[in-house]
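The figures here come from the full heavy-atom set of this structure, side chains too, leaving out hydrogens, waters and symmetry mates. It should be emphasised that the depicted structure is a prediction, and the values quoted were computed from it without experimental measurement.
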Amino acid sequence: MGSQTQQQQRGIRIAIDRGGTFTDCVGNPGSGKMEDDVIIKLLSEDPSNYDDAPLEGIRRLMSRFLGREIPRGVPLDTSEIESIRMGTTVATNALLERKGEKIAMVVTKGFKDCLEIGNQSRPKIFDLAIRKPDVLYESVIEIDERVTLEDYAEDPERNVTRSEDTYKLDGTEELVKGLSGESVRLLVRPKEDTIRKQLQEVRDSGIKSIAVCLMHGYTFTHHEAMVGKIARDIGFEHVSLSHELMPMIKLVPRATSACADAYLTPAIKKYIKGFQSGFEGGLGVESVKNQNGQKGARCEFMQSDGGLVDVDKFSGLKAILSGPAGGAVGYALTSYDGTTKTPVIGFDMGGTSTDVSRYGSGRYEHVFETTTAGVTIQSPQLDINTVAAGGGSRLFFRNGLFVVGPESAGAHPGPCCYRKGGPATVTDANLFLGRLLPDFFPKIFGKNEDEGLDVAASEKLLQELAEQINKENGKNMTADEVAYGFLTVANETMTRPIRSLTEAKGHDTSKHRLATFGGAGGQHAVAIAESLRIKQILVHRYSSVLSAYGMALADVVDEQQEPDSKVWVEKGKARDELRTKIEELKKKSRKALGDQGFEDSSIVYEEYLNMRYRGTESALMIVKPEKADVEKEFDGDEWAYGKAFVKQHQQEFGFTLPDRDIIVDDVRIRGIGKSFEGLDKTADQQLKEIKVSDVNSGDKVYKHSKVYFEGGRQDTPIYKLEDLAVGDRIKGPAVLADGTQTIVVTPGASALIIETHVVINIGGQELKDAAKVDSTQEVDPIMLSIFAHRFMAIAEQMGRALQKTSVSTNVKERLDYSCALFDLKGGLVANAPHLPVHLGSMSTCVRRQAEIWKGKLEKGDVIVSNHPEYGGTHLPDITVITPAFDASGKKILFYVASRAHHADIGGILPGSMPPHSRELYQEGAAIKSEKLVSAGRFNEERITNLLLTEPAQYLGCSGTRCLADNISDLKAQISSNMKGINLISTLIEEYGEDVVNFYMTKIQDNAELSVRNLLKDVSKRFEGRKLEAVDYMDDGSAIKLNITIDAEKGGAVFDFDGTGPEVYGNTNAPEAVTYSAIIYCLRSLISADIPLNQGCLKPITVLIPPKSFLSPSDKAAVVGGNVLTSQRVTDVILKAFNACAASQGDCNNLTFGIGGKGEDGEITKGFGYYETIAGGSGAGNGWHGTNGVHTHMTNTRITDAEVFERRYPVLLREFSLRAGSGGKGMYNGGDGVVRDIEFRIPIQVSILSERRVYHPYGLEGGEDGQCGLNLWVRKVESSNVERSDRLLNGDGGNGDEEVVWEERRINLGGKNTAAMKAGERIIINTPGGGGWGKVGDKLEHVEERERDPKLAWRGGSHASREEMALQA
């Protein structure tokens, strides 16, 4: 376990990982030598034998080292122990099971519902019964206090207010300097007596723990500190203040973090108290100090950031990744070599989860905002991502596809072979195929816990699955082929997120090593590595207990962070001030580590600045450049943070913005107390020195077994790891095993034994060549499942390439884009949509363009279009289409396309989303069909003319207001399409052109089958009667739908006859929008994960009356059709199916800004802002609607309240739920929200909304939801009769009379624009959802919503990108 540098040699060292199923212990008698280590694995829960697994593990290790049995229950003597290091799942379990402490949250007035609304998105885009994670608090206290930031980032004049005043509790100052250096304006000072009274009431109710998070508390800490002091005086046992935990901007994540800390820390303290009671003598630094080193033992816990902390300082917020962090530290320190610098991907596959992370450049990769168990945490955590449910992932055959997970068999009942009646899982497939060996598994199963794994049970379930597949598919597959098919699909499911995690940060997976650990990793490692084109795998000797071993190798860490707001300068005052701040943070860190027993000489620091370009939110945490880089790249400047930021931005995002300021958001220090030196020799050093000897066939073999590999079972030698010597090389096929792990070496790979690892080298192309012979005569369900994953992965990777290389906020942060691939005829094959309104709407466009350009395209051509008549939705959504040719360049094989929302494309108003447009030209550039690229040459002149010159020729209209961004984003779309073409070309190389084309068609047939089955089911439910519905837009236009289902064929006609005519307004919806709404509704009704492609629409005939507002003329305005009418069409379809009551039926599109082209034709600098606002969702049969959430065709996040006020001249007075706005019923509709915004400068404000006249309907007797209401709180001159008379009589008075203003509330209606003065407000009350069933009727049942199988998954950067994608 390494050699020690700090404390004197004096005893046993123990490292423990308490996991969900097993607790792993690694002990060393004090020698520090690896050969003296003892490993123990025991069940985490075994109440009949012991109360606490870690304590039992320590007892067994001490008995072993001291040579005498220590009886259970006897306190353990700490004088024999030097240190205990531990990772635990206590916090995660409390969070998952919602078994933490009862807490209250204290927040600024107006924000009591901020955590229930969250970022307003829904977790699962197609769930009609929306389930948001429960909040952690029991009650909320709103404090009447308020501060805001004086300046705003989007100010075109870049004004900066300087304030040096400091805050005094009883002072009168209005402006003070915040921690970040920004000027803070005090609007309302809190009243101490009122707060004391409010807190006392909560304490009297029995709540002992509170979380405090006030607006802008990250930079202005005084009000939070005051509340904290009062709470402690009153007698609260635990107080979490958001600015002490993580002083970073963003109200919602900071408030959630404070709540998580208040909720979990008491649970952790309680656990630690119980753990400590098992020892004679104390644990922790204080015990060691107080008892002169005689009795106390050091005890440290692993934190989520990969650093250890003393037992007394371990808190709930930092404990969430405690166990997995140990594994990441373990593989990082044992697999990475600082000389060769080969980066490593960590692959940790256990029984209940598979975690992936990356380690490169000798430093851990951290993320600062992650979601675990539905709770978004703001705190440094290792970037660990759960990508699958592990060996316990369940196996299903659904809708003609092999499906693995995400549902898990868990620890109980576990896989079928555990003898507890569990389902078929990945573990069962491995066991049945001979890839898992019962001989090496502990005999702990069965009634008396003395039996081994049950192979027969696994075989029985896999045989049943084979029968089901053969029956449904008319195939004749063996159980072997079925089990192997499931493993292949499982591997494909895991490689998709691994690839995206690596490539999203600008790294190439093939240039990595794979370090595999965890009980099941060795069975899948070779297949995963091959798929990622990785050539070498490292499996550590302790791979099955690597998390525990990582604890033994880890360092004690202290994190310090403060907010900032400076503009980066290469030389000058700002840079000096940042240096000073870093030195002050280092002092704090030095003291914290000194208190834990570390000398200054054994502390090292990592120094970071969190930096971003002005106007973007993509901040990067930049570490101080290393000496080698300073000399090589940064001209000897060791403080070249700015240059390092530009370099990293180029690597991660593919571009830089040289004309923009770089802003420093945070200053961070990571102080590291080095307790153990590194290991003796790295794997690379051992590989250099090793003498290799091939093990001859038959030598050292434990036995032979029939193991299934590609193509069939092979007679395979099984080796015991302990029988193999350093330098032995075994060629595959082979299986290497010991009591804790099984490593499968496939044909073409070889395993080399070195002192610390088994190194697997992957050979040539034997397996890949086999793929090309796949038949196109009949569909192989395994290949169909794999191609479904591959096609989707390609669309996703195109999306990531677009997000990465685009410059606009809409694409980069709001993810308002969609990428897809299409077959030769323009039929959709796979779509990675981030907004449901993009679903399938592109295929109309691609098919139309394919017809127009038939026979006229050549290699290197790219087409651009956005016109509604040509398959567009609204003008800001520009589609770029690229044909892919065969090798000869003559024949088109398929198309790829990307659609992105451009921030501005001209028209009458900035943002190109005018509420009052009447004609299409008023909405900006309309492009029917043009070549954007001709034979590889970008037609910049033509596209500039289309975007800038043509829209400006109309009266009152401007060309695009951000041409440079348009051009950059169009180029990003072109490169994203190229990415798609290259990836499909690789697929064609691997499988052949015919096979790829064959499965492009068959995946559409598969989706068609799913929809036909749905329609047959619906037809039975409604006994063949017609399904019909009608609803009205606020202008009275009817949307009428009649659905006729052919029960025999599973086809349907959607007939919109009776729908209103085209309107002289902008709620006309191009036909593509209706198709998107139909696909969305069908997918929501199927409630199974089916491929979304052209096949979904094959059973559907859509009849839209020509000249209706769902099929408008080519000059009609359409901007509201995409964001409003699409929602109402969705409501009508769901009403026809009687699926649920109406949701808010609206996006509440709010825009405001200044600048642009004035009446004099002059262009002034300004800014624009656009947001959509949540409302209530409709109730259904068995579920209540959800409050404050985006529904149906949109799912964009709302800008966090603090970021909103930092970027724009606004004051968010209130953002809360609109109580009672949901319709009452047996099941109630969800409530809408109240959003009250005050403007601090004169500004143009526009609202484009629906459901301000017609109520969201209830169903089955449920009441309607309330309509929305948009109010302008306007300052008007108050009427003064005498003054008016004088003015009428020509007597203006002496002019000294002060004008008296009063507030008036004016209804803006649904669609309007107004020039608002400073101090005026807009209050948007959004609609609620309709109720279901009559009020007072007895609830039949409230659906027990199944717990999301992904709830326990660890969400690192990949998860937050995926989640953001779902919620954009």
Side-chain angles (χ1 to χ4, degrees), residues 1 4-18 23 25-30 40 50-66 68 70-88 90-91 237-238 264-303 307-316 318-319 322 326 548 551-552 554-558 591-599 602 673 675-676:
M1 283 165 79
Q4 192 189 30
T5 59
Q6 250 203 295
Q7 296 80 24
Q8 69 224 43
Q9 288 275 331
R10 64 160 217 153
I12 298 165
R13 289 186 214 152
I14 295 166
I16 299 171
D17 172 37
R18 186 195 185 283
T23 292
C25 311
V26 179
N28 184 281
I40 288 177
Y50 44 82
D51 294 332
D52 183 65
L55 210 54
E56 172 66 9
I58 295 170
R59 184 192 69 79
R60 292 185 194 178
L61 284 170
M62 286 183 71
S63 299
R64 180 93 169 261
F65 290 138
L66 300 174
R68 55 185 162 82
I70 301 169
R72 278 188 189 141
V74 172
L76 303 171
D77 181 2
T78 50
S79 65
E80 303 284 356
I81 300 171
E82 181 193 305
S83 75
I84 297 168
R85 295 177 154 198
M86 200 156 126
T88 177
V90 170
E237 290 172 15
H238 182 83
L264 297 173
T265 302
I268 282 191
K269 297 287 181 214
K270 188 174 157 192
Y271 171 73
I272 287 173
K273 196 175 172 189
F275 179 67
Q276 284 179 325
S277 68
F279 294 89
E280 178 192 331
L283 295 180
V285 171
E286 287 306 310
S287 306
V288 174
K289 282 184 194 167
N290 296 345
Q291 301 185 23
N292 303 320
Q294 289 309 302
K295 279 283 185 188
R298 287 186 72 97
C299 178
E300 287 134 357
F301 275 79
M302 176 58 80
Q303 302 184 108
L308 296 161
V309 71
D310 185 66
V311 61
D312 295 331
K313 297 192 172 172
F314 191 46
S315 73
K318 303 271 177 85
S322 178
M551 315 281 170
D555 295 314
V556 176
V557 165
D558 177 72
K591 182 179 183 314
L593 289 168
D595 289 348
Q596 294 182 59
F598 288 90
E599 305 287 333
S602 53
S675 44
F676 294 115

Next on the checklist: Taking side-chain contact (heavy atoms from CB on, under 4.5 Å) as the definition, give me every residue that meets it alongside Asp52, ordered by chain and number, with sequence neighbours left out.
Outcome noted: Pro54, Leu55, Tyr271, Phe275

Checklist entry - With no hydrogens and no angle check, is any side-chain donor or acceptor of Ser602 less than 3.5 Å from a backbone partner on Gly673? => result no

Checklist outcome for this item: Hits for side-chain contact (heavy atoms from CB on, under 4.5 Å) against Arg72, two or more places apart or cross-chain, chain-then-number order -> Asn49, Tyr50, Glu56, Arg59, Arg60

Checklist entry - Considering all heavy atoms of both residues, which atom of Gly57 and which atom of Cys25 are nearest to each other, and what is their separation? => result CA-SG, 3.8 Å

Item to check | Heavy-atom closest pair, residues Gln303 and Val557 | outcome: NE2-O, 3.9 Å

Checklist entry - Is the side chain of Ser83 donor-acceptor paired with the backbone N or O of Arg13 at a distance under 3.5 Å, no angle test? => result no

Item to check | Gap between atom CE of Met302 and atom NZ of Lys318 - 0.5 Å precision | outcome: 13.5 Å

Next on the checklist: Ser322 vs Phe314, test: side chain to side chain contact (heavy atoms under 4.5 Å, CB included). Steps then yes/no.
Outcome noted: CA-CA 10 Å; Ser322 178; Phe314 191 46; 4.2 Å; yes

Next on the checklist: Rounded at 0.5 Å granularity, tell me how far CD1 in Ile84 sits from CZ in Arg298.
Outcome noted: 12.0 Å

Checklist entry - Quick one: CG on Leu308 to CG on Asp558, what's the gap to the nearest 0.5 Å? => result 12.5 Å

Checklist outcome for this item: Rounded to the nearest 0.5 angstrom, the CG-CG distance for Asp595 and Asp310 is 10.0 Å

Checklist entry - Per the side chain to side chain contact (heavy atoms under 4.5 Å, CB included) rule, which among Lys313, Met86, Arg85 passes with Phe301? => result Met86

Checklist outcome for this item: Between Ile268 and Ala91 the two heavy atoms that sit nearest each other are CD1-CB, 3.9 Å

Item to check | Steps toward side chain to side chain contact (heavy atoms under 4.5 Å, CB included) verdict (Ile16, Thr23) | outcome: CA-CA 7 Å; Ile16 299 171; Thr23 292; 3.7 Å; yes

Checklist entry - What is the distance from atom CD1 of Ile58 to atom OG1 of Thr78, rounded to the nearest 0.5 Å? => result 11.0 Å

Item to check | Asp312 and Val285: CA distance, side-chain angles, deciding distance, side chain to side chain contact (heavy atoms under 4.5 Å, CB included) verdict | outcome: CA-CA 8 Å; Asp312 295 331; Val285 171; over 6 Å; no

Item to check | Nearest-0.5 Å distance that lies between atom CD1 in Ile12 and atom CG in Asn28 | outcome: 9.5 Å

